[in-house]
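So the structure is just underneath, and the comments pick up after that.
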There are 2 protein chains.
Amino acid sequence: MAEKVTIATVARHARVSRQTVSNVLNSPHIVRQETRQRVQDVINALGYRANQAARQMRTGRSRLIAARIDPTRDGINGSVLDRFLHGLTETADAAGYRVLLYTATDDEREIATYGDLLGTYELDAFVLVGTKYGDPRTEWLADRDVPFVTFGRPWDALDAHPWVDVDGAAGTAQATRRLLDAGHRRIAFIGWPVGSGVGDDRRAGWRDALRAASVDPTGLHRETEDGIAEGERLMRDLLVTVAPSAVVCASDSLALGALQAIRGVDPPVSVIGFDDTPVAAAVGLTSVSQPLGEAAARCVDLLTGVLDGDHETPTPVLLQPSLALRHTA
Amino acid sequence: MAEKVTIATVARHARVSRQTVSNVLNSPHIVRQETRQRVQDVINALGYRANQAARQMRTGRSRLIAARIDPTRDGINGSVLDRFLHGLTETADAAGYRVLLYTATDDEREIATYGDLLGTYELDAFVLVGTKYGDPRTEWLADRDVPFVTFGRPWDALDAHPWVDVDGAAGTAQATRRLLDAGHRRIAFIGWPVGSGVGDDRRAGWRDALRAASVDPTGLHRETEDGIAEGERLMRDLLVTVAPSAVVCASDSLALGALQAIRGVDPPVSVIGFDDTPVAAAVGLTSVSQPLGEAAARCVDLLTGVLDGDHETPTPVLLQPSLALRHTA
DNA sequence: TCCAGAAACTTGAACGATCCAATCCTGCCT
DNA sequence: AGGCAGGATTGGATCGTTCAAGTTTCTGGA
């Protein structure tokens with residue numbers, strides 16, 4: 001069993017002091033080129049890796065970022081998180097950080113977990129996915145000056161923290177315009193009850209796109225909780241009451257329900273979903289696709305900006321979604 | 001800003017030495033009840049939390065478990081990992097461990113990542129999801145005595161390491177028996193090419209169940225790579241060649257393809273998938289459901305057994321799947 | 001009362017890195 | 001040649017915890 005390689009081992013082999021080795025690692029520019037190279041060679045030869053625990057003890061930085069993994073509520077939209085986490089892990093890795101998972105059943109427990117993670121692991125930052133009106137979590141973190149980013153806008157606009165989001169309104173607008181271009185005029189919308197930031201945003205995109213084309217959206221939209229059965233129910237209602245020729249949905253779950261409701265209807269009703277989940281790909285549902293990898297990357301960018309660099313609050317990022325075209329629209 | 005609470009702070013307040021506080025935390029039984037209570041009270045009052053970095057430095061244990069998050073290849077079956085990870089995080093948390101994510105594009109890079117994670121973060125253990133014949137990763141870890149568990153049997157049976165798996169054969173057998181009970185006799189199987197451990201196992205369950213019911217399985221099965229289009233193609237072939245009245249599939253992707261192929265066929269062909277993915281729930285596909293939360297929990301059990309306790313290789317765990325009944329069978 | 005032995009508690013050192021302040025070069029200018 | 005500025009290098013202290021070894025306190029039996 002080979003002896004453990006520490007900074008002292010490297011120093012001995014390179015005939016320099018520990019501090020010089022440390023400088024090669026942390027402030028290479030203050031070490032003479034020749035010395036730097038020699039130390040670097042020894043590091044490679046011995047396979048030395050800086051011990052994170054020791055480093056953390058001195059610096060107070062763990063190079064760890066926490067992200068929450070949810071209990072896949074819906075199942076369909078859950079895969080969004082999956083893809084986001086993968087992107088996060090990948091980008092964080094490249095930036096020298098690692099992603100630590102945690103779960104929590106409610107806000108209170110989640111905040112307790114923050115305390116635990118910060119206290120025992122000295123986490124550097126948090127990534128929160130999804131925020132709601134008056135989110136107690138962001139407040140708690142902000143109060144304690146803990147760096148964090150949210151994937152999702154702060155709908156309150158109360159306090160400004162770094163965030164990354166995808167322009168949902170632009171997505172539904174794009175979907176609506178595609179339907180308009182295909183000749184549709186009676187384009188309905190199935191979304192979530194008024195009051196959720198994300199839901200209102202997506203509905204607004206559809207409404208504005210219709211208005212821009214001089215189509216009156218009045219009476220063409222329905223609201224419900226998310227779910228396949230709910231989507232099917234509302235679509236049946238729409239068919240009977242306003243007989244739309246196309247429908248834009250706030251989620252793939254709702255769109256899937258709509259698809260079931262229109263089975264056999266002639267001429268076929270066009271359907272566009274939201275999130276481009278695996279289910280959409282599976283059943284050939286056209287859907288608004290969020291650039292999740294990109295979003296994760298920008299989250300890491302914002303965090304490293306706060307952690308490694310300037311103290312100013314970085315500029316929020318709003319990404320544009322695209323339309324994954326399949327055969328339902 | 002309150003001063004940082006360390007073990008020394010607690011010791012001072014409780015009028016004992018640092019070591020006694022440490023003992024209260026790590027070996028409570030050697031501290032007198034009265035003292036223990038006093039220290040415990042101070043700990044609660046001050047909100048003291050043991051610093052993991054300092055602890056790790058002394059003990060060499062990080063209380064961190066690494067798990068890989070994949071780039072959601074297929075999309076449909078990807079959600080299995082999602083649910084497994086959530087379970088893992090939850091159970092690990094309860095056992096005092098945290099889950100760290102990593103990614104890798106191939107085995108070689110993954111092994112390089114192991115080295116990095118072990119060297120800089122001193123990870124305690126790895127959880128590998130899915131193993132193949134002659135997996136270089138398990139060999140590398142075993143060679144270095146790094147604790148690890150695999151979710152998935154070692155199909156080689158070369159070296160014995162702790163593993164947890166779900167009895168796929170039992171799952172397909174159960175599915176097949178249900179179809180037999182419903183009166184079906186010509187029950188086909190769509191699976192993966194011979195040579196993948198998981199695929200062969202699932203086919204065997206179907207075959208054995210048919211034989212046990214004195215039905216000859218010859219000619220009733222087809223093999224292909226995983227995918228919806230592939231499933232649809234093979235199902236069309238089956239319809240023409242052997243006209244089965246029901247089919248069991250090795251995955252929900254294949255089953256979904258089969259569903260598309262039988263649309264409009266009368267009398268309706270029964271279909272059963274595998275994995276009980278969100279897609280299955282969405283389209284009403286009956287599917288074999290793996291107890292993923294349970295599997296994750298048992299993985300953590302095995303790991304903590306190795307980490308905290310005995311040096312013996314723990315007994316592998318084989319879990320029984322269940323059938324999620326919906327309207328396709 | 002005394003003492004042995006166990007139990008309870010305390011003290012100093014160590015883990016491996018970084019920070020700080022002091023020292024050593026090196027080359028340049030006078 | 002001597003002095004000096006400036007960068008490169010060095011040794012010692014430190015982060016918060018646990019380990020190993022030491023010291024004190026308690027208990028019970030002669």
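The sequence lines fix the lettering, A, B, ..., with proteins before strands; numbering per chain opens at 1.
Straight-line distance from the CD atom of A:Q52 to the C1' atom of C:dG16: 12 Å, rounded to whole Å. A:R63 places its CZ atom 11 Å from the P atom of C:dT18, with the value rounded to the nearest Å. Straight-line distance from the CD1 atom of B:I30 to the P atom of C:dA7: 11 Å, rounded to whole Å. Per the geometry, CD belonging to A:E34 stands 16 Å off P belonging to C:dC25, to the nearest Å. Following rounding to the nearest Å, A:I43 (CD1) and C:dA17 (C1') show an atom-to-atom distance of 13 Å. When rounded to the nearest whole Å, the span between CD of A:Q56 and C1' of C:dC19 equals 17 Å.
When the local axes at the two ends of the helix from C:dT1-D:dA30 to C:dT30-D:dA1 are compared, using 5 base pairs at each end, they differ in direction by 60° after rounding to 10°.
For the segment residues 117-126 of chain A, no residue has any heavy atom less than 4.0 angstrom from an atom of DNA chain D.
Here A:A53 lies out of heavy-atom contact (under 4.0 Å) with every strand.
Counting only residues at least two apart or in different chains, side chain to side chain donor-acceptor pair (under 3.5 Å) contacts with residues 46-59 of chain A comprise A:R49-B:D116, A:N51-B:E122, A:Q56-A:E122. Listed by first then second residue, pairs satisfying salt bridge (Lys or Arg N to Asp or Glu O under 4.0 Å) with a partner in residues 140-152 of chain B number zero, not counting sequence neighbours.
Panel note: side chain B:D165, backbone B:R153; a donor-acceptor pair is recorded below 3.5 Å. When atom types are taken as modelled, the side chain of B:T35 and the backbone of B:V31 share no donor-acceptor pair closer than 3.5 angstrom.
Ring to ring, A:F151 and A:W163 are not that close: their centroids are 6.0 angstrom or more apart.
At a threshold of 4.0 Å, the pair B:D308-B:R61 counts as salt-bridged, since one of the basic side-chain nitrogens sits closer than that to a carboxylate oxygen. For the pair B:D107 and B:R109, the salt-bridge criterion is not met [side-chain N within less than 4.0 Å of a carboxylate O]. With salt bridges taken as basic N to acidic carboxylate O contacts below 4.0 Å, none links A:D41 and A:R38. Taking 4.0 Å as the cut-off between side-chain N and carboxylate O, A:D93 and A:R98 count as a salt-bridged pair.
In terms of position on DNA chain C, the residue among B:A54 and A:N26 whose nearest nucleotide sits closer to the 5' end is B:A54. Comparing B:H29 and A:S22 along DNA chain C, the residue whose closest nucleotide (by nearest heavy atom) sits nearer the 5' end is B:H29.
More than 12 heavy atoms of other shown residues, nucleotides or ligands fall within 6.0 angstrom of atom CD in B:Q320.
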Distances for protein N or O near nucleotides 10-13 of chain C N or O, under 3.5 Å:
| residue | atom | partner | partner atom | Å |
| --- | --- | --- | --- | --- |
| C:dT10 | OP2 | B:S17 | N | 2.7 |
| C:dT10 | OP2 | B:S17 | OG | 2.9 |
| C:dT10 | OP2 | B:T20 | OG1 | 2.7 |
| C:dG12 | N7 | B:R18 | NH2 | 3.3 |
| C:dG12 | O6 | B:R18 | NH2 | 2.9 |
| C:dA13 | N6 | B:R18 | NH2 | 3.4 |

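Of the residues A:F126, A:F148, A:Y121, the one that meets the ring pair (Phe, Tyr, Trp, His ring centres under 6.0 Å) test with A:Y114 is A:F126.
For the residue pair A:T138/A:H161, the side-chain donor-acceptor check at 3.5 Å is not satisfied.
Taking 4.0 angstrom as the limit, A:T59 places none of its side-chain polar atoms (N or O) nearer than this to OP1 or OP2 of C:dT18.
Rounding to the nearest 0.5 Å gives a distance of 7.5 Å between CG of A:N26 and CG of A:N23.
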Please test B:L64 against B:D124 for side chain to side chain contact (heavy atoms under 4.5 Å, CB included), starting from the C-alpha separation and ending with a verdict.
-> CA-CA 6 Å; B:L64 245 38; B:D124 286 348; 5.8 Å; no
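Protein chain A contacts DNA chain D over a range whose 5' and 3' limits, counting nucleotides with an atom under 4.0 angstrom from a non-hydrogen atom, are D:dA8 to D:dG16.
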